Structures are given as C-alpha cells and as structure tokens.
Amino acid sequence: MIELRQVTFWYHGQPEPVLSDVNLSIGEGELVLVAGRTGAGKSTLLGTVNGLVPHFTGGHLDGAVAVAGVLTRSRPPREFAHLVGVVGQDPLAGFVTDTVEEELAYGMEQLGLPPQVMRRRVEETLDLLGIADLRRRALRGLSGGQQQRVAIGSVLTTHPRVLVLDEPTSALDPTAAEDVLATLARLVQDLGTTVLMAEHRMERVVPFADRVVYVAGGGRVVDGSPSAMLRDMPVAPPIVELGRLAGWEPLPLSVRDARRLAAGLRADLGAPPPRPVPTGETLLTSSDVVVRYGATVAVRGVDLDLHAGTVLALMGRNGSGKSSLLWALQGSGPRQGGTVRVGGVDPGQRSSAQARTLVGLVPQTASDLLYLETVADECAAADAESGAATGTCRTLLDRLAPGIDPARHPRDLSEGQRLALVLAVQLAAAPRVVLLDEPTRGLDYTAKHALAGMIRTLTGEGRAVVVATHDVEFVAAVADRVVVMAEGEVVSDGPTAEVLGGSPAFAPQVAKVLGADWLTVEDVRTALAEVAR
Amino acid sequence: MTAGPRRALGVVAAVLVVAATAPHAHAVDQSRGRPGFCTSDTGVTVVVDFQQLGGTTLVRCNPQATSGTGLDALKGAGFQLAGTQRWGEGFVCRIENRPSAVEEIPIEGDTDYRESCVDTPPASGYWSYWHAANGCAWEYSQWGLKNRAFIQGGFEGWSFSLNATADTNPAPRIAAVRPGTEGQPCGGSSDEGRPSSTNPNEQQGDVRPNPAEQNSAQRQQPPPGGTAAPDTPGPATASGADPAALPPPKPRPSAGTPAPAPDPDHNVAFAGGENAPDVNEVLRQQSGASRYAPWAAAGLVVLLVVAALLTARRRGRARDS
Amino acid sequence: MRATYFLPRDLHPAAWWLWALGLAVAASRTTNPWLLLTIIAVAGYVVAARRGAAPWALAFRMYLYLAGCIVCLRVFFRLVFGGAEGTTILLRLPEIPLPAWAAGIRLFGAVSAESLLGGLYDGLRLAAVVVCLGAANALANPKRLLKAMPPALYEMGTAVVVALSVFPQLAESVLRVRRARKLRGGANHRRLRALHAIVIPVLEDALDRSLRLAASMDSRGYGRAALVRPRQRVATGVLMVLGLIGVCVGGYATLDGSTPRLLAGPVLVLGVVVGLLGFHLAGRRVQRTRYRPDRWRPPEVVVVLSGVGVAVTLFATSTVDPTNLNPSLLTLSWPALSWPPLVGVLLGVLPAWLSPPPAPPHAGAGHDAEEVSA
C-alpha cells in the first residue's frame with residue numbers, strides 16, 4: 001500500500017537530513033505505530049505519505065514514495081485526497097467549515113461525489129464515530145475529544161485507503177483520548193483501512209499495532225513487530241519498562257497481558273513503599289473561590305491550601321475549571337468570590353508585577369510569554385521585569401535545562417526547552433508558589449522525565465508547585481497530593497496513591513498491574529532493590 | 001429588537017406633533033402681495049409664465065420696499081413654491097403646484113416625465129429665472145434666486161423652460177413694463193442685480209447666457225441651474241464642471257446699454273391669481289389620497305411592532321426554558 | 001404538499017435577499033413617512049417571526065440602531081446647516097457668521113418645520129433601506145449564501161469563509177496573549193514594547209494556524225482540478241475578459257448620456273452574456289459537488305414574489321399618484337397616503353406566515369463547557 005524506497009529528506013539550509021535512506025513497505029490493512037522522540041522526524045515521515053513533504057513544506061526529497069502505486073512526486077497532495085486522509089494534532093486548526101455536518105462533507109465535495117453518496121456517507125460516519133447528536137453543532141463549541149473525532153470522521157468520509165494520524169490525542173484528557181483511540185481501533189477492524197499513527201500514549205495503541213516504526217533520530221528509521229521493537233526502544237510505556245525490569249518474556253504489550261505475568265512479581269515485592277506526604281508551611285490559602293463567565297460557572301467555591309515543598313496535581317477533564325482556578329489563584333484571572341492569601345496578601349489586589357513575585361504561573365500555551373528574538377534577550381528582559389540581578393534568569397535556566405544556546409530563537413527550541421525557558425522567566429521574580437498549566441502537553445517520555453526533575457528542584461528549594469495535567473503517569477511520578485475537579489468543584493483530594501490508585505480512570509498502568517499501592521516503575525525498582533538487599 | 005419599534009413610535013410622534021402645529025395654507029397667498037403690476041418704483045413685479053404647461057400667466061406685485069432676494073420677491077408676492085427634496089428652496093421645482101406630480105411633461109427622451117421634486121429637475125423641463133429693470137428686456141439670471149437682489153421697481157420673471165436650449169430659453173411673455181411707463185427708455189439699472197453675496201462660489205455652476213446675446217454654437221443645454229442657488233454645493237456640480245474652477249461672471253457687453261423691452265401690447269393674457277384654487281385641496285385631489293389611509297398605516301405600524309415584540313419575547317422565553 | 005411546506009427549515013438565503021432587496025427598492029422609491037414606517041415595521045415583524053438563533057440573526061438590532069442614527073443625523077444636519085426652508089419657523093438659533101471662503105454654508109440660524117421634516121423624510125428613506133438590508137442579514141445565513149455561489153466562484157467563496165473565521169481566532173489570540181503578558185508583569189512598560197510583546201506572539205500564532213489550515217485543505221483535496229486542455233482554459237479566460245470589458249463599456253455608456261446609445265444597452269447585455277458564458281465554462285471544469293445544497297422550493301418562490309410584489313406595486317403606483325410617494329413640503333400638512341401603495345407594502349409581511357419557520361437552533365450547549373484558556 002505504502003512504499004518508501006531509499007527516501008532521504010533535507011529541509012533547506014540544514015546540514016543533517018531528517019530522514020536518510022529510509023526503506024519501508026506497509027501492506028494493506030496494517031496499523032503501524034510510529035514512535036520516536038519529539039523532533040526526531042515522525043511528522044516528516046508521516047508527511048511524505050501524501051506528499052505534503054516536500055510539496056507543501058519545501059525541502060528536498062530523494063528516493064520514491066508511492067501510495068497504491070502512485071508516486072507522490074508526480075502529483076500535488078490534493079490529488080491524493082481520495083487515497084490518504086490526514087489528521088493532525090490540533091483538529092481545530094484544520095477545520096475549513098464551521099459545523100460538524102459540513103466539515104464531514106467538505107472532503108467529498110472536493111472530490112465531486114454525487115449528493116446521494118455524500119448524504120449516505122455523512123450519516124454512516126456520524127454513527128460510526130458516535131457523533132450523530134453533534135451534527136448541527138458549531139465546531140468551535142465542541143470539546144477536544146469531539147473535535148478530534150470529527151476531524152477523523154471528516155477524512156473518513158472520502159473512504160481513503162490510508163489514514164495518517166499525527167499524535168491525535170496529545171491535546172485530550174485521558175477519557176477523550178481513550179474514546180478516540182478506541183474509535184480508531186474499531187475502524188481498523190471494521191474497514192480494513194491502513195493506518196499510520198504517531199502517538200505518545202503508545203500503551204493504548206501497541207496492543208492493536210501490527211508494526212512499530214521507530215524514528216531514532218539522525219535520519220534512522222527502524223521497524224519491526226511491536227514486541228521485538230519495544231524490547232530496546234528508549235521511549236517505552238511504563239508497562240514495557242515494568243516488563244523489562246521484571247524480565248518478562250514475551251514482553252507484555254497490554255495491561256491484561258502484564259497482569260497475567262505479574263503474580264510472581266507481586267509476591268517478590270513485599271510491602272509497598274511508604275509515600276510520606278511532606279508538610280511544609282502553608283504558602284497559599286484560598287477559600288470559596290468562585291470564577292464565572294456570564295452565566296457559566298467555571299469554579300464553584302473551591303478551598304485549596306498549598307504547602308511549601310509539595311507538588312499538587314490538579315486533574316479533571318477538559319473544561320472542569322482547572323485553568324480558571326490557576327488563573328484566579330495567580331490573581332491575573334477573574335475571580336468573583338472567595339479569598340486568596342499568599343503571605344497575608346491577596347495577589348489579585350496587587351499589580352501584576354507584584355503578583356508575580358508572589359505566585360508564578362506558566363500558562364497552557366507557554367510560548368505566549370515569549371516575544372524576543374533570542375533566549376538571551378528573553379532572559380535579560382525577564383531580569384529587568386522582575387528587578388532581579390542580571391543573570392538570575394540564565395542561572396535558573398541552566399539549572400532547569402542546562403546547555404541552551406543563548407543565541408537561539410525561542411521558537412526554535414524543543415517543547416521541553418521552551419517550557420524550561422518560560423519557567424526560568426517566571427522564576428526570575430522569585431515566587432514561592434509556582435503554578436504550571438498543562439506543562440506535559442507535547443512532551444515525550446524523556447522530556448517529561450526532565451520536567452519531573454525540574455519540579456523536584458523547585459520543591460527542593462521550598463516552593464509549592466501545582467501542576468494541572470491530564471497525564472496520569474506524570475502525576476504518579478511527581479505529585480504528592482492530587483485534587484480532582486469536575487464541573488468547577490473539587491471531587492476528590494488526597495495523597496497521590498489514594499486518589500490515583502483507587503480510580504479506574506486515573507490509575508497509572510503499574511497500579512493496574514500490581515495494585516493500587518504501586519504507582520510507578522520507579523517504586524517497583526526501589527522495592528526490588530530493597531528486597532534484594 | 002425592542003429598541004427599533006420604540007424608535008419608530010418616537011418618529012411617528014414627532015411627525016404628528018410637527019404636522020399638528022402646521023397652519024392651513026392656500027394657493028396664491030392673498031395676504032401677501034397684490035394682483036397685477038406694481039404701480040410705483042417701490043416693490044417688485046413678479047411674473048410667472050407657465051408657457052407650455054398651460055395656464056394663465058400670473059402677474060403679482062410684492063410691495064416690499066426694502067431690499068430682498070429673488071426668493072423673498074417670489075414669496076412676498078404670494079406665490080407658493082416647492083423646492084426639491086434634495087436642495088430645498090434653493091432650487092425651485094414647482095410654482096403654484098406646477099408642474100404637479102401627476103402632470104406628464106413631454107421632455108426630450110421621456111415623453112411622460114413626471115416631476116417628483118426629489119432631485120434636481122432635468123435640463124429639459126425646469127423653471128427658468130429672469131429679471132429685468134422697468135422698460136428693459138428680460139435677462140436670464142446667472143444667479144440663484146437666493147443670491148440675487150431684486151430691483152426696486154423692476155421685474156422678476158419665472159418661465160417654464162421645456163426642451164429649450166441655452167439659446168431658446170423662453171423669456172416670460174409679459175413685457176417688463178409697468179403700466180403707465182410705456183415708452184420710457186430702459187431704466188439704467190437693469191444690469192445683473194448685485195448679488196447678495198460677492199462670493200463667486202455662490203455663482204451658479206453654468207453661466208447661462210441671455211439668449212439675445214448668445215450666438216455661439218449650439219450646445220447641449222446643460223442641466224438646469226436657472227434657479228440653482230446652492231446653499232449646498234451639490235447642484236452646481238450637476239453641470240459636470242467644478243464650480244470653483246469657473247471664472248467669475250463676465251461683465252456683459254450690453255450691461256451698460258440694456259435692450260429695451262418689447263411692446264407691452266404683445267403681452268399674453270394674464271391674471272393676478274385671485275381665483276387660484278387651494279393648493280392643498282388640489283394636492284389631495286390629484287393624489288387620490290384617502291383620509292383613512294394614514295390612520296390605517298399608523299395602526300398597522302403599531303400592530304406590527306407590538307406583534308414583533310411579542311414574538312421576540314415568546315421566542316426568548318422559549319429559549320430560556 | 002402542505003405538510004412538507006411548513007416543515008421547519010432554513011430557506012434558501014437568496015430568497016430572503018431578494019425579498020429584502022424588493023423592500024429596499026420600494027423604500028428608495030418613496031419619501032412618504034407612512035410608507036417608510038410601514039416598510040420598517042414589516043421588515044421588523046418578518047425578522048421577529050422568521051429569524052434563527054444564530055449570531056448573525058441577532059445583529060438585526062444593530063441595524064435598527066444604525067437606522068435610528070441615520071434619521072437623527074439627517075435631522076440634525078438640517079438643524080445645523082440651513083434649516084430655514086419654508087415658512088414655519090420653529091426656533092431661531094443665533095446664526096454663526098462664517099468667513100467669505102465658506103460662503104454658501106450657513107451655520108444655525110432660523111430652523112423651520114419644513115426643513116426638519118424634509119430631513120426626517122429623507123433620513124427615514126435611507127433608514128428603511130438599511131433596515132431592509134439588516135433584515136436580509138438576519139434571515140439568511142451569509143455563509144450559506146456564499147455556498148450558493150456559482151461553481152466558478154467557489155474558490156473565492158472558500159477564501160472568504162476562511163478569512164471570516166480568522167477574525168474570531170485573532171481576537172482570541174490577542175486576548176490570550178494579553179492575559180499572558182500580565183503574568184510577566186507587563187502592561188506598565190513602555191507602550192511600544194508592550195505592543196511588540198502582543199503582536200509578535202499573535203502573528204506567530206496566526207501564521208502557524210494558517211499554515212496548518214492550508215496543509216489540511218491541501219491534503220483534503222481543495223483546489224483539485226480536473227484535467228483541462230490549454231485551449232479550453234484560454235477560451236474561458238478570453239470570454240471572461242471580453243465579458244468584463246463589455247460590462248464596463250456598457251455600464252459607462254448607460255450612465256453617460258452623451259455616448260451613442262448603441263454602446264449602452266446592447267453592449268452591456270452582450271458583455272453580461274459573454275461573461276456568463278465564460279462563467280459557465282469555468283464552472284463546468286470544476287468537478288465539485290455540494291452537500292445538501294439549498295433547494296429552491298415553493299416557499300422560496302412565495303418569499304421572493306412578496307418582495308418583488310412590494311417593489312412592483314410602488315413602481316406602478318408611482319405613475320399613478322406620485323404626490324403620495326413624495327409628499328410635498330410646499331405647505332406643512334399631514335403627509336397624505338392612498339391605499340394602493342400601502343396595500344402593496346403590506347405584501348411584504350406575507351413571508352411571516354407563508355414561509356416555514358427556521359430550523360431549530362444549532363445546539364450550542366458545548367459553549368458552556370468552554371474554559372477561558374481552552
């Protein structure tokens with residue numbers, strides 16, 4: 001179905017090829033998982049399939065890419081619309097029309113399908129994806145998961161023989177991501193479409209995948225069966241890491257498989273590790289916080305205290321009020337009721353310059369804070385804005401993410417580095433409370449690991465950190481305390497093990513395999529080391 | 001949704017208030033001016049010649065002894081005039097309700113033209129404006145009626161120009177000679193009356209020469225301006241030329257020696273307008289207006305507005321629930 | 001037949017536009033306040049009865065405000081500049097003497113009822129036209145109107161739709177970045193710098209988005225052209241250009257009375273025909289279909305007929321009794337009105353009952369869940 005022969009690709013003006021001498025042959029009906037670190041060239045590889053690379057992106061492509069026998073070199077991407085459907089990370093950016101039904105029909109209109117066929121396929125697709133009740137809704141008003149399903153539906157209506165998905169769930173909460181992935185799995189079963197998917201939540205896809213293509217960086221691409229590939233891929237889901245640690249054979253790819261193999265390990269482990277909840281001084285107290293937008297209540301009377309040296313994870317589905325709460329605590333966002341005190345002062349009453357010395361917030365789209373041409377300029381501006389000594393920001397940045405070239409443009413940094421830069425900019429004002437809104441978005445396993453390290457550095461300095469996130473594994477690794485919000489209210493609040501372990505939706509994989517007391521592979525590793533000693 | 005109807009009601013109310021305060025009017029206002037020629041050197045005689053429109057030529061005297069504009073002369077003599085909706089009284093559109101809105105005027109290119117007095121009347125059918133000192137020939141006014149001072153003891157003439165060119169504009173068919181002064185020489189001051197303003201900007205856009213003097217090549221009659229005295233700059237530009245670019249009016253070669261008036265014996269029959277019908281009554285008859293239609297309209301407007309408000313409110317309630 | 005006629009649905013947008021244009025043409029024919037007020041009331045009632053719940057439908061109120069402003073402004077201008085037409089002086093304001101170069105312009109002075117009424121009638125006429133256009137906007141989905149364009153203009157229509165969707169996104173980005181600026185303690189810095197700090201991220205965001213949208217459109221087949229022979233393409237181009245020239249020449253000749261008549265009507269018609277032919281050819285090579293196109297059914301015909309009916313009646317009656325349509329301000333009196341134009345204008349209200357109600361609103365509950373930062 002898809003043939004890549006000796007494909008080498010450069011972006012103009014870059015010395016290293018993104019892909020070099022790639023040979024790949026994907027058969028009809030296969031589901032292929034494309035894995036690799038952020039920036040390794042996964043998106044580029046996916047883009048070659050319908051010719052967006054190099055027709056749209058520019059650059060130079062050697063070798064041949066053929067889909068269903070048609071060379072991408074011979075035609076522009078639009079002539080592949082009936083063969084290849086592409087779904088990107090941010091569904092909203094790809095929508096052309098403004099209601100669900102029209103969006104589903106858009107691709108078919110371009111292909112010139114007869115009206116009766118269009119009508120039938122729209123209805124079928126609405127049912128297939130379970131979005132029939134949304135048909136007349138405005139696309140902008142849908143939740144992230146719904147939008148992503150519409151985006152998938154909008155390419156499915158043209159009945160493409162290949163479906164290319166570039167991290168379709170990276171912006172979704174766990175439940176919505178699960179929905180989307182389950183839908184895809186069903187499509188593969190029912191329609192026999194060839195699917196090529198890049199996905200960070202590998203653990204969800206691996207069980208269905210026929211093949212894993214690993215983009216190793218430096219242009220190398222390796223492929224093989226999932227179990228063979230996962231054995232020594234540096235990016236791997238926790239369950240695989242657990243399998244590697246325990247030396248399970250064959251390597252389990254799903255929680256079910258792992259659970260069957262885990263009986264022996266469970267017996268070896270003995271007592272779960274104690275998880276002390278550090279209790280530092282209270283840095284921030286808030287009570288009865290209310291945030292409303294017109295008739296919509298985003299935060300409904302929340303009480304929250306933050307303690308020095310602890311990490312609090314704020315969880316809940318999209319739209320549950322997490323962001324609004326963070327903004328209200330920082331003082332820059334609206335707050336219609338309740339009190340917030342940081343060292344006896346309400347940051348909402350202070351000027352924004354003073355508020356950020358009390359509470360620092362890194363917003364969801366962190367790059368909104370950056371506007372200068374180089375990292376050095378940003379740091380200098382941050383020192384000036386905070387009235388800190390020259391070099392404060394740079395020192396912080398080096399501690400968080402060492403070795404960033406000061407002359408680089410902030411936009412050219414990797415997601416993780418950019419996050420570190422924004423964090424350093426905010427920390428230059430020396431706030432004792434740091435709030436992070438969705439910092440794990442777009443980060444791969446390695447970058448998340450680095451972020452966890454940064455957060456530990458912060459708590460080590462006696463700061464209180466709040467992380468709003470969907471990422472259960474990250475929370476399991478980092479947080480001391482978890483607060484789950486729904487409809488603007490706190491629905492559960494407690495130590496991480498208690499909140500995560502006991503919940504089917506939020507349980508990390510290790511907990512699903514070994515029980516509620518075990519949250520991360522790290523826990524298991526230390527416990528095993530204890531036992532061995 | 002709610003503000004619109006309220007505003008509409010306000011407008012209705014305003015119309016009613018203004019209309020209710022209006023006095024009753026008659027055709028030739030007999031309380032002003034006198035029928036016939038002026039008999040002395042004070043006042044100005046106003047001649048209105050309907051020409052092809054038909055109807056007896058009217059001659060009335062405005063005994064005003066002070067100076068005034070052509071407009072003052074016309075009104076002071078008791079004539080009823082209507083300006084255009086666009087330019088107001090600076091552009092006379094109807095005199096004594098002629099040409100009325102129901103009258104078909106056979107202008108060039110449109111044989112059943114009706115004058116609605118919304119915009120500038122066409123060049124082929126408009127009221128041309130003339131003046132003359134006692135005993136002199138009529139001269140086509142180069143100034144608008146608001147910008148000309150009338151001549152004491154002289155004449156102001158209005159003659160309907162139908163399909164005429166600059167050369168063939170018909171002068172009023174009443175000689176500018178007061179009875180009893182026949183045979184007297186043309187009395188000196190028949191030059192272009194001093195405009196009330198010396199500003200050339202107020203000059204009408206097209207300098208329309210007196211037919212008696214104009215022998216130049218035939219040219220397309222420019223759009224009217226015979227009565228254009230734009231207090232708004234618009235009508236002047238209707239001639240297609242920038243008024244500011246025009247030179248000030250040329251001194252006339254004949255200004256010092258005006259032509260004498262023709263023999264008054266050739267005057268057409270005229271009247272003083274004593275028996276002219278009430279203009280409002282004529283208007284009502286001509287329009288076929290119904291006494292009840294305005295009430296019906298007002299009622300309908302109120303009804304529709306109330307219905308719209310109710311519908312909007314019902315919809316709002318349905319949406320809330 | 002009758003059962004399906006009144007099933008709730010959105011009418012073809014062109015039907016509402018034609019209806020509204022009919023009313024607007026009628027309004028432009030008259031300055032009779034009774035007729036104008038009736039036209040405004042008719043348009044208002046039909047909008048109240050038949051508009052949907054979409055955002056563009058709620059903009060009707062804006063048009064009403066605009067109309068009100070127009071009326072006030074017109075009357076106010078009569079008050080300021082030369083309000084002394086007519087004999088019924090309402091109030092005497094001190095006249096402001098102006099220098100010689102401003103001759104011909106009068107400031108204040110006596111204000112007469114006639115001139116105020118003249119301004120009112122004139123303003124009402126323009127206001128009625130504006131309200132009619134507002135009604136069309138409220139009743140017809142502008143995006144569906146773009147969809148109903150001929151195939152040759154499809155690409156342009158899509159471009160307009162995409163451009164329209166950029167504005168809310170830009171506004172959203174600006175808000176987001178401005179809030180983010182506060183987090184850096186910005187806002188009280190030098191103005192230029194603050195602007196820079198907002199503009200750069202917003203533009204970067206907008207560029208990013210448009211690139212992604214372009215990539216998405218490209219991979220979904222936007223602009224797919226069937227194979228066209230070069231000769232056919234040249235023929236289409238030549239026809240379009242010739243048609244355009246014809247329309248220009250014809251239009252000029254029609255408006256300028258001194259050009260030979262032969263250049264006016266015939267050339268204009270010829271240009272339109274040739275242009276349409278080119279359109280048709282260009283449209284034929286576009287192999288694209290429409291999903292659920294708006295269909296032209298009896299209710300659409302009824303709506304259009306009622307609008308056209310209003311315009312036709314006013315044209316017809318204006319040859320019968322123009323006095324009514326343009327009430328004279330010769331002497332102050334109640335504006336008269338006769339039955340035919342009034343009844344004619346009332347034809348316009350028929351769609352309020354004779355067209356199907358709009359489809360139930362597109363459920364908008366999803367908006368509620370949206371978070372500020374979402």
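Worth saying up front: this structure is predicted, and the values here are computed from it rather than measured. Below, chain A is the first sequence line, B the second, and so on; all start at residue 1.
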Relative to chain C, which segment of [X] carries a heavy atom at a distance below 4.5 Å: side chain, backbone, both, or neither?
X: A/A429; answer: neither
X: A/V96; answer: both
X: A/V87; answer: neither
X: A/H55; answer: neither
X: A/L52; answer: side chain
X: A/Q146; answer: neither
X: A/T365; answer: side chain

[atom1] of [X] to [atom2] of [Y]: how many Å apart, nearest 0.5 Å?
X: C/I200; Y: A/S367; atom1: CD1; atom2: OG; result: 13.0 Å
X: C/Y291; Y: A/E102; atom1: OH; atom2: CD; result: 9.0 Å
X: A/L83; Y: C/S219; atom1: CG; atom2: OG; result: 12.5 Å

If you count heavy-atom pairs under 4.5 Å between each of C/R209, C/M217, C/E204, C/R212 and chain A, which one has the most?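 Highest number of pairs under 4.5 Å: C/E204.
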Out of [options], return the one with the most heavy atom pairs under 4.5 angstrom to chain C.
options: A/V155, A/V122, A/V86, A/T158; result: A/V122
options: A/A382, A/G85, A/P77; result: A/P77
options: A/Q330, A/R411, A/R135, A/E438; result: A/R411
options: A/L113, A/N50, A/V422, A/V164; result: A/L113
options: A/A355, A/A151, A/A93; result: A/A93
options: A/L326, A/L361, A/L92; result: A/L361

With distance as the sole test, does [X] use its side chain to make a donor-acceptor pair with the main-chain N or O of [Y] at under 3.5 Å?
X: C/K182; Y: A/S352; result: no
X: C/R184; Y: A/L369; result: yes
X: A/R356; Y: C/L183; result: yes

With a cut-off of 6.0 Å (strictly less than), are more than 12 heavy atoms of other residues, nucleotides or ligands near CZ of C/R9?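 Enclosed: over 12 neighbouring heavy atoms sit under 6.0 Å from CZ of C/R9.
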Would you check if [X] and [Y] make a side-chain contact, meaning some heavy-atom pair closer than 4.5 Å?
X: A/Y371; Y: C/I198; value: no
X: A/E109; Y: C/R220; value: no
X: C/Y222; Y: A/R78; value: no

May I ask you to say whether A/R140 pairs ionically with C/E172, meaning some side-chain N is under 4.0 Å from a carboxylate O?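 Yes.
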Apply the test side-chain contact (heavy atoms from CB on, under 4.5 Å) to residues C/L211 and A/F56: give CA-CA distance (whole Å), side-chain angles for both, the deciding distance (0.1 Å), then the verdict. CA-CA 9 Å; C/L211 273 179; A/F56 188 82; 4.2 Å; yes
Closest heavy-atom contact between A/G94 and C/S216?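 Scanning both residues completely, I find the closest heavy atoms to be O-OG, 2.7 Å.
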